[in-house]
Amino acid sequence: HEAAALGLGPIEAVVSVGTGEMQPVQTSLTSLNWDGIIKQLVDSATSTTIVHDVLTDLAPPRRYFRFNPNILASPIDATDDASLATFREAAATYFDDPENAKRADHLADTLSLR
């Protein structure tokens with residue numbers, strides 16, 4: 001919808017880059033209060049896992065790519081040298097995995113970058 005509104009042509013690929021998996025906080029029924037309910041609503045509304053699952057199921061083959069290296073304890077908007085080094089290391093480790101490297105190769109092929 002957004003691409004059409006901007007007047008862009010057909011979408012060749014959707015690329016999603018994450019910062020690792022967050023472990024959900026379990027709320028027990030005995031401690032259910034307004035804070036717990038609101039937190040659960042926010043978590044559900046901002047879950048990238050749900051969006052990922054839907055796109056994986058519905059997107060044409062080799063058109064949706066999700067890369068999700070684990071980046072621990074760094075704000076996503078960090079620009080200091082130490083944080084950037086952490087991001088580079090996390091990405092290098094992530095793409096050392098043959099399956100992740102294969103998906104990156106498929107993305108490059110899809111976008112005709114090779």
Side-chain angles (χ1 to χ4, degrees):
H1 173 77
E2 298 298 325
L6 293 172
L8 301 176
I11 296 174
E12 292 184 40
V14 174
V15 180
S16 173
V17 179
T19 58
E21 295 291 324
M22 299 297 294
Q23 296 302 317
V25 176
Q26 298 296 323
T27 304
S28 71
L29 291 177
T30 58
S31 67
L32 195 60
N33 55 31
W34 283 112
D35 288 341
I37 292 169
I38 291 171
K39 181 173 181 2
Q40 186 64 38
L41 287 171
V42 169
D43 288 346
S44 296
T46 59
S47 172
T48 57
T49 303
I50 293 169
V51 174
H52 169 69
D53 291 343
V54 169
L55 285 171
T56 298
D57 291 344
L58 299 178
R62 293 177 64 157
R63 295 292 185 225
Y64 168 67
F65 300 88
R66 172 111 175 119
F67 301 104
N68 200 21
N70 284 315
I71 299 173
L72 303 174
S74 292
I76 192 64
D77 60 349
T79 58
D80 61 280
D81 290 341
S83 293
L84 295 178
T86 299
F87 297 159
R88 280 191 295 276
E89 183 178 331
T93 301
Y94 183 80
F95 287 108
D96 282 343
D97 179 299
E99 185 59 33
N100 295 332
K102 182 176 153 183
R103 288 186 304 112
D105 288 342
H106 287 170
L107 173 60
D109 290 343
T110 297
L111 299 177
S112 302
L113 296 175
R114 315 194 221 198

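In this text the structure is predicted, and so the values were computed from the model without any measurement.
Side chain of Arg103 to main chain of Arg66: a donor-acceptor pair is present (N/O by atom type, distance under 3.5 Å, no hydrogens or angles). Checked by atom type and distance alone, the side chain of Ser83 never pairs as donor or acceptor with a backbone atom of Thr79 at under 3.5 Å. Remark: side-chain polar atoms of Ser112 are not paired, donor with acceptor, to backbone N or O of Ala108 under 3.5 angstrom.
Expressed to the nearest 0.5 Å, how far CG of Asp105 lies from CG of Asn100 amounts to 11.0 Å. Summarising the geometry, atom CD belonging to Glu89 is positioned 11.0 Å from atom CD1 belonging to Ile71; distances are rounded to the nearest 0.5 Å.
The hydrophobic clustering, which links ILVMFWY residues whose side-chain heavy atoms are closer than 4.5 Å, places Tyr94 and Val17 together. Under a hydrophobic clustering in which Ile, Leu, Val, Met, Phe, Trp and Tyr are joined whenever their side-chain heavy atoms come within less than 4.5 Å, directly or via other members, Leu55 and Ile50 fall into different clusters. Clustering ILVMFWY residues whenever any of their side-chain heavy atoms sit less than 4.5 angstrom apart, transitively, puts Phe65 in a cluster other than the one holding Val54.
Across every non-hydrogen atom of Thr110 and Arg63, the tightest pair is CG2-NH1, 2.9 Å. Considering all non-hydrogen atoms of both residues, Ala13 and Leu107 come closest at CB-CD1, 4.4 Å. Considering every non-hydrogen atom in both Ala104 and Phe95, the closest pair reads CB-CE2, 3.8 Å.
Ring-plane geometry between Tyr64 and His52 is classed as tilted, the angle between the planes lying from 30 to 60 degrees on a 0 to 90 degree scale.
The number of heavy-atom neighbours closer than 6.0 Å to CG of Asp57, taken from other residues, nucleotides and ligands shown, is above 12.
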